[in-house]
Amino acid sequence: MDNKNYYENFNWDEAKLSDKLISKIEKIVSIIPNDVKTILDVGCGDGVISNALNGQFKVTATDRSFNSLKYVKTDKFQSSADRISAHDNSYDLVFSSEMIEHLPDEIFYNAMEEFRRVSSKYILLTFPNNENIEKNLVECPNCYKRFNKSYHLRSLDLKRIQTILSDCNLITHFTTGTKIRGYDKFLSLIKHKFTPPWSWIPRHWTPDGRRSTMCPECGYKFKIPYSFNPMAFACDSLNILASPKKPYQLCVLFEKK
Ligand SMILES: [Zn+2]
């Protein structure tokens, strides 16, 4: 199963607004410049943010998955982030929330080009802030593919996104979301080299209800196992000292030059 089919078949559900999401949306609205009337939400998923922003702005939402779009109540069309079916400069602001960290390299760089092309003025992005994607590494028991359990493929922070959008000006940025502990790169290297995969993700990181996952390589569905391993436990304990908790997401607003 390739990545494309994975997101198409994902079990999309009706958008639900949690308190955390409401607070994030309020912060986002507070930094949207006054001259923004139209917004394109790229990779809108279930449309929870598009639906919330619509009315205050004229929002259009797009996603590569037809399945997800049925929950979107705004204007919408299907397209992939790296080939957006819209004319140059068609929206005042191009927005994308928690999507770009999922894109493989070739799609990611084309998508960033598309954001610049389709936006007439602003680009607003949110993504996990400087995440060590190895923290949530799982191994498929069927094909042994190792992957981030949320399918994150890249780690971004303010410096990296500024380099990628070097032809745009950073206007403002803020961090938001639950405070999450990162994972020290050296400790994750040791842990994944010397301890078994079933000891990698303790239950208190991901409670039972959220331990089901599907291998992006072979499509095998499984429950992420956990059994105690002294060395993995030692790495996790040392990591508490090495990695303080920080707000999970970074939101950045850029203006085209
Ligand atoms: Zn697999």
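We count ligands from 1, going down the list as the structure has it; atoms in each ligand are counted the same way. Any value given below was found using the heavy atoms of this structure, including those in side chains, with hydrogens, waters and symmetry copies removed.
Residues Phe254 and Tyr122 place their aromatic rings such that the two centres sit no closer than 6.0 Å.
By the 4.0 Å N-to-carboxylate-O rule, Asp167 lies too far from Lys257 to be salt-bridged with it.
Scanning for ring-ring contact (aromatic ring centres under 6.0 Å, His included) contacts around Tyr144 gives an empty result, with sequence neighbours left out. The salt bridge (charged side-chain N to carboxylate O under 4.0 Å, His left out) check on Arg211 picks up nothing, with sequence neighbours excluded.
Note on Ile39 and Ile25: same hydrophobic cluster, where clusters join Ile, Leu, Val, Met, Phe, Trp and Tyr whose side-chain heavy atoms are under 4.5 Å apart, directly or indirectly.
Contacts classified as salt bridge (Lys or Arg N to Asp or Glu O under 4.0 Å) and involving residues 138-151 (residues at least two apart or in different chains) are given here: Glu139-Arg146, Lys145-Glu217.
Around the Zn ion (ligand 1), protein N, O or S atoms at a distance under 2.8 Å total 4; waters are neither shown nor counted.
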